[in-house]
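These notes are about the structure you will find just below.
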Amino acid sequence: MKSIRTRFAPSPTGFLHLGSARTALFNWAFARHHGGTFVLRIEDTDHDRSTRESEAAVLEGMRWLGLDWDEGPIRQSERSGRHRAAVVSLLESGRAYRCICSKDSLEARKNEDLASGGNGLYDGRCRDLALGPDCGNHTVRIRLPREGALGFDDLVFGPSGQDASQIGDAIIQRSDGTPLYNLAVVVDDIEMGITHVIRGADHHPNTPLQVAIYRALGVDPPFFAHVPLIVGESGKKLSKRRDNVSIQEFQQEGQLHEALVNWIVRLGWSHGDDEVFSLDDIARLFDLDHVGRSAARAEPAKLQWLGQHYIKELESDVLFRRVEPFLASVAGQAIQDSPGLRRLLDALRERSHTLMEMAEQARWLIRDEIEYEEKAVQKHLRPVAIPLLTALRTRLETVDPWDEAQLERAFESVAEQEGGVKMGKLAQPTRVAVTGRAVSPGIYETLAAIGRDRCLTRLGTGIGLAEARAAAQNS
RNA sequence: GUCCCCAUCGUCUAGUUGGUUAGGACACCAGCCUUUCAAGCUGGCGACACGGGUUCGAGUCCCGUUGGGGAUACCA
C-alpha cells in the first residue's frame, strides 16, 4: 500500500484559529499514526487577504502546539505556473471553457433565476460558445457533466456526493489569470501526492465539484475525510468576530499547549472513556474511525480543567521556565529564581488553570507593593483583629528560624494567649494583611515565602487598615 | 430558494453483527477534609428530539416530522 500523505492547508488571512488547529492536529495525527508524511501548504491564492505576517503567525501557532511538518511550507502562490498549465490542458481537452460574462450580469441573472424559483446555478451561457484566447476579458470555467453522480466515499460521513445537475460550472481561473481555490487545491493535492484529504466539514459540499475536477484531469480522487465543525456558543461555525478562536490568544492567556491540544482532540474524536491525551498518545491512538459526525461546541470549562491537570504535572524546572514570562509581566521586571518562589509555585499548581492565573496569584510574593482587595479587607481586617494581629506581629519578631514549623508554633501560642481563638480568626486577617487577598496557599507557607521583614511591614499596614475601620465606626 | 449534513445528560462523548440498571469526563449540587481558597475523597442531579414502522426485542435499521448546521463568490 502506498505510504500515506496528508496535508494542512491554511489560508494566511489571520491567526491560526481553533478549527484550523484541530484540522492540523488531525492531519498530523493521522500521518504520524500511519508512519506517513505531513505536508504544510499555504493557500494564499487570495492576494487581497493573504499576508506574510499571518503566515508567520500560523507557523508559530503550529510550532507552539507541537505539530511538526515534514514538507513545506509550500506557498500555493508560487505554484501558479502549475495551475495555469492545468487550466490550459483542461481548455485543450474541452473540459473547461472561457466565459465572458461580467460579474454584474452574472449577479443579475442569478437573482432573476432565484426569483423565478430556480436554483441560481450558472446558466451556462458561454458553455457552448467555444470562445478562443482572443475573446477578451474572460474567466475559465470547468465543464461539468450535466447529469450523473459526483460521488465519493467519505471516511467520516460515508457515501457522499451530489448529482451533477445540482452543481454549476464553476470558475477555476479568474479574469486576471490567477487560479481559484477549487482548481488550485486539486492540482496541488495531485502533484503533492496527497492520499488523504482531512479537512473541515464545511468543505463537504464542494467536494463533488472537486471530484469532477479530478476526473476532468484524468486522476483518481484521494480519500476524503471531513471532520465535523467546531461551533461556538451560538451553535454556529466559529467566527473570528463572535468567538475567541485565536490560538495566539490562548497562548497569551497562559494556556498550556498540552491542554489546548488535549481539548481540541476531544472535539469530534474519542477513544473510549479516555480523556487525557498527550501528543504522543494521539499519534499512537488516533484514527479516523472514531471521528464523529456531529458538530462539537467549544466550551472552555474542560479546557480550564485540562490546564490545571497539566500544570499539576509539569516538572518544576519546566513550570518555572514557562511561567517566568507571566511572572515578569505581573512583577514588571525580570524574576529571580529562588527556593521560596519554587515552593510557592508548587503550592499554586492546584489553584491555577493557566500560567497567567498562577502569576497573578504570586503577585504578593514577587512585588514588594501589594494591593488590598476591598472585599477581603471588609471581611477580615475588622477591629476585632487588631489585638490578634498586634500580638502576632510582636511574636513574629522573635521567630527563629523563619520556617513553617516555627511559624505554626508561633500561631498556636498567640491563639492560646489571646484566649484560645480559633485558628481561622487569626489566620484569615493575617492572610489578608500579608497578601491583600482572602485566598492563598497555607498561611505558614505564605509567611515563610514572604519573609520576616515584609511580613512585619504588611502586618503593620493591615493593623492600620483595621484601625481606620474602627475610627470610622466610632465617628 | 436549492443542495448537502447532523441529532445520547447543560457541554464533550462511550455505544461499532439490534438484547446495557444507557457508561465516562467536565460543569453543577451536597457531604467529608480544613486556618482561607483550592486540590483530594464520597455521594447526587442529569440524556437516547418527536412520530411511525421493521423485529420476540430499537439509542442502535427504515421512513417522516421538528430542530440545528453547512454550502450555494472572479473567498478559502
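Per chain, numbering begins at 1; letters A, B, ... match sequence-line order.
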Quiz item: What distance separates A/Glu253 CD from A/Met356 CE, expressed to the nearest 0.5 Å?
Solution: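 Interatomic distance, A/Glu253 CD to A/Met356 CE, rounded to 0.5 Å: 8.5 Å.
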- Message: Could you measure the distance from the SG atom of A/Cys126 to the CD1 atom of A/Ile100? Nearest 0.5 Å is fine.
- Response: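 Taking SG in A/Cys126 and CD1 in A/Ile100, the distance rounds to 5.0 Å.
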Quick one: label [X] by what it contacts on the DNA or RNA (base, sugar-phosphate, nothing), any heavy atom closer than 4.0 Å.
{"X": "A/Pro228", "answer": "nothing"}
{"X": "A/Gly120", "answer": "nothing"}
{"X": "A/Gln304", "answer": "nothing"}
{"X": "A/Tyr181", "answer": "base"}
{"X": "A/Lys103", "answer": "base"}
{"X": "A/Thr139", "answer": "base"}
{"X": "A/Ser175", "answer": "base"}
{"X": "A/Arg297", "answer": "sugar-phosphate"}
{"X": "A/Ala301", "answer": "sugar-phosphate"}
{"X": "A/Lys110", "answer": "sugar-phosphate"}
{"X": "A/His290", "answer": "base"}
{"X": "A/Gly442", "answer": "base"}
{"X": "A/Phe411", "answer": "nothing"}

Salt bridge between [X] and [Y], side-chain N to carboxylate O under 4.0 Å?
{"X": "A/Glu275", "Y": "A/Arg266", "result": "yes"}
{"X": "A/Arg143", "Y": "A/Asp169", "result": "no"}
{"X": "A/Lys110", "Y": "A/Asp113", "result": "no"}

Worksheet item: Between A/His203 and B/A76, do the rings stack, that is, sit under 5.5 Å apart with planes less than 30° off each other?
Response: yes
Side-chain N or O of [X] less than 4.0 angstrom from OP1 or OP2 on [N]?
{"X": "A/Lys237", "N": "B/G70", "answer": "no"}
{"X": "A/Lys312", "N": "B/G40", "answer": "yes"}
{"X": "A/Thr45", "N": "B/A76", "answer": "yes"}
{"X": "A/Gln166", "N": "B/U72", "answer": "no"}

Exercise for review: State whether the number of non-hydrogen atoms from other residues, nucleotides or ligands found under 6.0 Å of A/Arg342 atom CZ is greater than 12.
Suggested key: yes
Give a yes or no on whether a donor-acceptor pair under 3.5 Å exists between the nucleobase atoms of [N], that is its base, and the side chain of [X].
{"X": "A/Arg293", "N": "B/C6", "answer": "no"}
{"X": "A/Ser440", "N": "B/C37", "answer": "no"}
{"X": "A/Glu275", "N": "B/G24", "answer": "yes"}
{"X": "A/Arg437", "N": "B/U36", "answer": "no"}
{"X": "A/Asn119", "N": "B/G1", "answer": "no"}

> Which base sits across from B/U2 as a Watson-Crick or G-U pair, both distances under 3.5 Å?
Replying inline: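 B/U2 is paired with B/A71.
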Quick one: which of [options] gets closest to the side chain of [X]?
{"X": "A/Arg49", "options": "B/C4, B/U35, B/A76", "result": "B/A76"}
{"X": "A/Gln162", "options": "B/C6, B/C3, B/G24", "result": "B/C3"}
{"X": "A/Trp305", "options": "B/A38, B/C26, B/C12", "result": "B/C26"}

- request: For nucleotides B/U66 and B/G24, find the distance between their P atoms and express it as a whole number of Å.
  value: 36 Å
Contact between A/His204 and A/Phe152 at the side-chain level, heavy atoms closer than 4.5 Å - yes or no?
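Contact flag for A/His204/A/Phe152 side chains = yes.
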